[in-house]
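Heads up, the thing below is written out as structure tokens.
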Amino acid sequence: MATARNLLQELARLRDELNLEAHLMSMEWADEWRQLQDKIHQLETNLEHTVIDLAEKFGHAEEQFFVDTDENIDKLVNELRSFKQKLKP
């Protein structure tokens, strides 16, 4: 299983790619993108780099406490991947 840090890096990469494509989205996709952006924003506001670094010093369980579970982050990454696939012609 990927670590929270790896999942967050993947999340950021997908978010950035989709932000670049946002101007080409239809209204239907734009609404879904806004909902995903809200989820991303909520996750990002729950973490700061210093908190992750501190949590890593304590261990994996504490990292999950500070950020979120790997499963929840992975779920959001998969939602972004799925959304990106919908945008392909």
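The first residue in the sequence is number 1, and the count goes up from there.
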* Straight-line distance of Asp74 CG to Asn78 CG, nearest 0.5 Å -> 4.5 Å

* Out of Leu11, Leu18, Asn19, which residue meets the side chain to side chain contact (heavy atoms under 4.5 Å, CB included) rule with Arg15? -> Asn19

* To do: Might you work through the salt bridge (Lys or Arg N to Asp or Glu O under 4.0 Å) test for Asp31 and Arg34, ending with a clear yes or no?
  => CA-CA 5 Å; Asp31 288 340; Arg34 278 191 286 280; 2.3 Å; yes

* Asked: Just wondering, do Trp33 and Leu80 contact through their side chains at under 4.5 Å, heavy atoms?
  -> yes

* Structure fact -> Which of Lys39, Glu10, Arg81 passes side chain to side chain contact (heavy atoms under 4.5 Å, CB included) with Leu76? It is Lys39

